Every structure is written in structure tokens, then in C-alpha cells.
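Everything quoted here is computed from the prediction, not taken from an experiment.
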Amino acid sequence: MVNRMESSETLRNKCAACFKQFNRMEHLVEHMRTSFHSVHEPICTVCKKHCRSFESLREHLIGPLPKLECKNIFNVRGCRFCLTILDSPNAHRIHQERCQLSNVNTGLTARLANLGLRDNATVDNTYSRNPQIVALACKMVGGGTDGSLDYCGRVCIIDERENIIFHAYVKPPVQVTNYRYETTGIRPEHLRDALPLRQVQRKIQDFLCNGEPNWRIRARGGNARILVGHGLDHDLDRLQVEYPPIMIRDTAKYPPLMKTSKLSNSLKYLTQAYLGYDIQTGVQDPYEDCVATMRLYMRMKSQVHRREEYPLASDPQNRNIFATAPWRQNELERMSPEELLAISRSDYYCWCLDRSA
């Protein structure tokens, strides 16, 4: 009888999201206060376990120590790119063919020629009517005595349809001591008559803000554009462009795309794992990086999660959900694990929310 009561109590103290078990209900409440479980986390569609990132979900399904039942089902009906489990093996085959995207290097030279790419290009909306989402990528050359200092030597901006809006070589404000030709493909003649950094910075800043002062840019309802990229802090710093974090979607910092150790994955890895093709295999084109980050963003944005009135833990309406006042603690401890999960909110902005922006 005692063992049965202990088992029942342990089950009551089991997190409804990650399935961790606690000896006391107050420990489960504390766990919910700091874990920020929500409908926006990657979830195993077999056992419904919540994972902090897609890497954690991948380990749960096909890692060194997967959950056996989930692994067996995933091996037959699971998509190795988006980690979705389909209804049948045939549905899985059709889905995965569509889910695996093609390498943009195929016919890239012809595509750029058709788009009218020029080394001294300006911000051009000919192929994109006032896009609200754009991706940016840079390639760096080296400065300083040992060539280790990064300076932007080439920059590209595309729209969500992968059309080039801006593509130019950039003349750094200091002498280049390492062109890093093996990876950048940049030669001295490319930068000899290139646009000066200050001119590029002004063009990009004006384009991103789209007529709004930096200090007035807001997440919704404005004219400023959503900016997608990988490691954008570094790129924007090298371009000397200031842009509000609320408008930036960085695949290097997005929690579902990070490692289980909470460190960033490389864009090369993310593209291979989540899109199914290889990039950065030789001379690297910033257009290729732009396409990869845009595709990753669109894949994350297209996720369908349950809509919530106030989806973020930081929303003022949610600030007292897991308050520490004694009366609130007692109320929380009387809730079931499922009820605790229902009131829990995410600590990061899920990109699916951009669909309703």
C-alpha cells in the first residue's frame, strides 16, 4: 500500500512536458517556474515529450540513447529534416522528397546573370515589391598585420523568394592584408573600385528601416523589415549598421536551432541537417548563405502551434503566473502537472508568431 501511494505521488509530481519526476510538488512548481515549457517547444509526436531544441528532439528519436518506442516509429515514418512523423510510410516518402531542398549552387551563375547582378549594385526592388522579410550575409576579408581582423568585403541581401535585392563588393576603410581567396573568392581587383563601406552602410541602414527612424521601429505595425541571417551581430558590426533586436531573426541564436549545450550550430551544419544539402564547400558566396538562412527561417516560421493571447513569459500579463508569494505557491501546488503546463509560457519569441504579425 505504501509503495502504491508513493508511486501515485511520484506520478503526480511528474512534469507534463519533459517527464522529469520530482519527490515533492513544490519541486515540480519550481521546475515549471524556470523551465518555460510551452507549446512552442519542439515536441515528439509519438510520446508528446517537450524538448528544448530540435537537437534534443533528434537525440530523443535517433541519438545514442533514444526512447526505443519513438525510435522504432521514427525509423519507419519520420522525416530526418523537420523531425515530423507521418501517418504512413508512403506519406513519409512523399513528404521527405518535398522537405529536402535542393542546393542553390545548381545554376547559380546563370541565375545571378538573369537577375542583373552587378558588382556595384545598389538596393534594387525591381524583383521584389517592398519585401517585409529579407536575409543578409557577408563575406569577410582580413586586416591588421596578421590578417586576422574581419572587414566586410562582400554583402548580399535577398527577399523571401530568394531574389537578390542588393549585392556588392565593399571597400574596407583599412588596407586588406588577407583576401582569404580560398573561401571568399575575393581578389584585389574586386575591391579596387568597390563601394566604400560608409556608402554601403547608409544604403543598407535606409533599406532596413524603410523610412522609419531607428528609435521608432516597433515589432508590429511598422514599415521596418524583418532581418534574417546567421551571426548577424558580427555582420552588422562589420557593416556599422545599427538595427533593433526585435526585428532580427538570427539562426545562430534561435533556441530551437541551437545545440543541447545551448551553443550555436554552424550554418553549414544547420543547412545539412534541416534542409538536406551542403553549403560552403569551396569558394563561398553570400547569396548561398542568404538562401540557407531564409529557408531555415521560413521552415521555423511555418510551424503550426496553438495560438495564445500572451505567448511570452515576459508579457506583462504573465508576470505573476509563477509568482513566489505563499498564497500563490499553495495554489500552484494544488494544480495538476497538465494545468501547470497550460499556464506556462515561452522565454523566447517563436518565429511562428511572425505569421500573425
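The CG atom of D289 sits 9.5 Å away from atom SG of C156, with the distance rounded to the nearest 0.5 Å. Here the straight-line distance linking atom CD of Q272 with atom CG of L267 works out to 12.0 Å at 0.5 Å rounding. Rounding to the nearest 0.5 angstrom, the gap separating the CE atom in M32 from the CD1 atom in I321 is 10.0 Å. In this structure, CD1 in I73 is found 8.5 Å from OG1 in T45, a value given to the nearest 0.5 Å. Note that OG of S314 is 11.5 Å distant from OH of Y349, once rounded to the nearest 0.5 Å. Here the SG-CG distance, from C18 to L341, works out to 9.5 Å after rounding to the nearest 0.5 Å.
Evaluated for a side-chain contact (heavy atoms from CB on, under 4.5 Å) with T293, the options L136, V228, L232 yield exactly one hit, V228.
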Open item on the list: Does L296 form a side-chain contact (heavy atoms from CB on, under 4.5 Å) with L275? I'd like the steps, not just the answer.
Closed with: CA-CA 7 Å; L296 286 166; L275 302 178; 4.0 Å; yes
Open item on the list: Does R180 form a side chain to side chain donor-acceptor pair (under 3.5 Å) with Q284? I'd like the steps, not just the answer.
Closed with: CA-CA 11 Å; R180 304 173 185 174; Q284 301 172 17; over 6 Å; no
- [ ] Could you please spell out the steps behind the side-chain contact (heavy atoms from CB on, under 4.5 Å) verdict for L236 and I248?
- [x] CA-CA 11 Å; L236 294 178; I248 290 176; 3.8 Å; yes
- [ ] Check the pair Q329, E333 against side chain to side chain donor-acceptor pair (under 3.5 Å), reporting the backbone distance first and the verdict last.
- [x] CA-CA 6 Å; Q329 179 74 15; E333 290 180 15; 2.9 Å; yes
Open item on the list: Determine whether V283 and T183 satisfy the following criterion, side-chain contact (heavy atoms from CB on, under 4.5 Å), listing intermediate values before the conclusion.
Closed with: CA-CA 4 Å; V283 174; T183 56; over 6 Å; no
Task: Test side-chain contact (heavy atoms from CB on, under 4.5 Å) applied to H37 and L340, step by step - done: CA-CA 10 Å; H37 288 310; L340 289 173; over 6 Å; no
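Under a 3.5 Å cut-off, the side chain of Y243 and the backbone N or O of L208 do form a donor-acceptor pair. Checked by atom type and distance alone, the side chain of N214 pairs as donor or acceptor with a backbone atom of E242 at under 3.5 Å. With N103 contributing its side chain and D278 its backbone, the two residues share a donor-acceptor pair below 3.5 Å. Remark: side-chain polar atoms of Y274 are not paired, donor with acceptor, to backbone N or O of R295 under 3.5 angstrom. Between the T84 side chain and the C79 main chain, no donor and acceptor come within less than 3.5 Å of each other. With N13 contributing its side chain and Q21 its backbone, the two residues share no donor-acceptor pair below 3.5 Å. Not one N or O on the side chain of R306 forms a donor-acceptor pair closer than 3.5 Å with the backbone of V39. One N or O on the side chain of Q96 and one on the backbone of R80 form a donor-acceptor pair closer than 3.5 Å. In terms of modelled atom types and a separation under 3.5 Å, the side chain of D315 and the main chain of Q317 share no donor-acceptor contact. D159 contributes no side-chain N or O that, together with a main-chain N or O of I165, makes up a donor-acceptor pair within less than 3.5 Å.
Classification of the H190-Y169 ring pair by plane angle, with boundaries at 30° and 60°, yields parallel.
Proximity of S261 to E55: side-chain heavy atoms (C-beta onward) are nowhere separated by under 4.5 Å. Looking only at side-chain heavy atoms (C-beta outward), Y151 and P173 come within less than 4.5 Å of each other. Residues D235 and V155 fail the side-chain proximity criterion, which asks for heavy atoms closer than 4.5 Å. With contacts defined as side-chain heavy-atom distances shorter than 4.5 Å, the pair L353/P311 qualifies. Within the 4.5 Å cutoff, the side chain of P256 has no heavy atoms near those of the Q303 side chain. Side-chain contact between Q280 and T271: absent, with no pair of heavy atoms (C-beta onward) separated by less than 4.5 Å. Taking the side chain as every heavy atom from C-beta outward, Y277 and S102 never approach each other to under 4.5 Å. Side-chain contact between F19 and P337 is absent, with no heavy atoms from C-beta onward closer than 4.5 Å.
Residue-environment remark: NZ (K268) exceeds the threshold of 12 foreign heavy atoms within 6.0 Å. Under a cut-off of 6.0 angstrom, the local environment of CG in D146 is crowded, with over 12 non-hydrogen atoms contributed by other residues, nucleotides or ligands. Atom CD of Q175 has 12 or fewer heavy atoms from other residues, nucleotides or ligands within 6.0 Å. A 6.0 Å sphere centred on CD of E212 holds more than 12 heavy atoms belonging to other residues, nucleotides or ligands. Summarising the local packing, CZ of R198 is surrounded by 12 or fewer heavy atoms from other residues, nucleotides or ligands at distances under 6.0 Å.
Cluster annotation: I279 is connected to Y269 through the hydrophobic network of ILVMFWY side chains, with a link wherever side-chain heavy atoms come within less than 4.5 Å. Under a hydrophobic clustering in which Ile, Leu, Val, Met, Phe, Trp and Tyr are joined whenever their side-chain heavy atoms come within less than 4.5 Å, directly or via other members, L101 and I133 fall into the same cluster. No chain of hydrophobic side-chain contacts below 4.5 Å, direct or via other Ile, Leu, Val, Met, Phe, Trp or Tyr residues, connects V170 to M140. Cluster annotation: Y348 and I43 are assigned to distinct hydrophobic clusters (Ile/Leu/Val/Met/Phe/Trp/Tyr, side-chain heavy-atom contacts under 4.5 Å, transitive). Note: the hydrophobic cluster containing I226 also contains V291 (ILVMFWY, side chain heavy atoms under 4.5 Å, direct or indirect links).
Between P286 and A137, the closest heavy-atom pair is O-CB, 3.5 Å. Of all non-hydrogen atoms in L191 and G153, the two that sit nearest each other are CD2-O, 3.6 Å. Contact detail for H230 and T251: the closest heavy-atom pair is ND1-OG1, 2.7 Å. The two atoms that bring M294 and A135 nearest to each other are CE-N, 3.6 Å, heavy atoms only. Here the closest non-hydrogen pair linking P172 and V141 is CG-CG2, 4.0 Å. When all heavy atoms of F322 and S344 are compared, the pair lying nearest together is CE1-CA, 3.9 Å.
Between the side chains of N90 and S88, no donor-acceptor pair is found at a separation under 3.5 Å.
Legend: side chain to side chain donor-acceptor pair (under 3.5 Å) pairs involving residues 56-76, not counting sequence neighbours, sorted by first then second residue: S53-S56. Sorted by first and then second residue, the pairs that involve residues 297-318 and meet ring pair (Phe, Tyr, Trp, His ring centres under 6.0 Å), not counting sequence neighbours, are H40-H305, Y297-W351.
Contact check on R334 versus E331 returns no salt bridge, with no Lys/Arg side-chain nitrogen under 4.0 Å from an Asp/Glu carboxylate oxygen.
For an aromatic pair to be called close, the ring centres must be under 6.0 Å apart, and H31 with F22 satisfies this.
By the 6.0 Å and 45° rule, R187 stacks over the aromatic ring of Y181.
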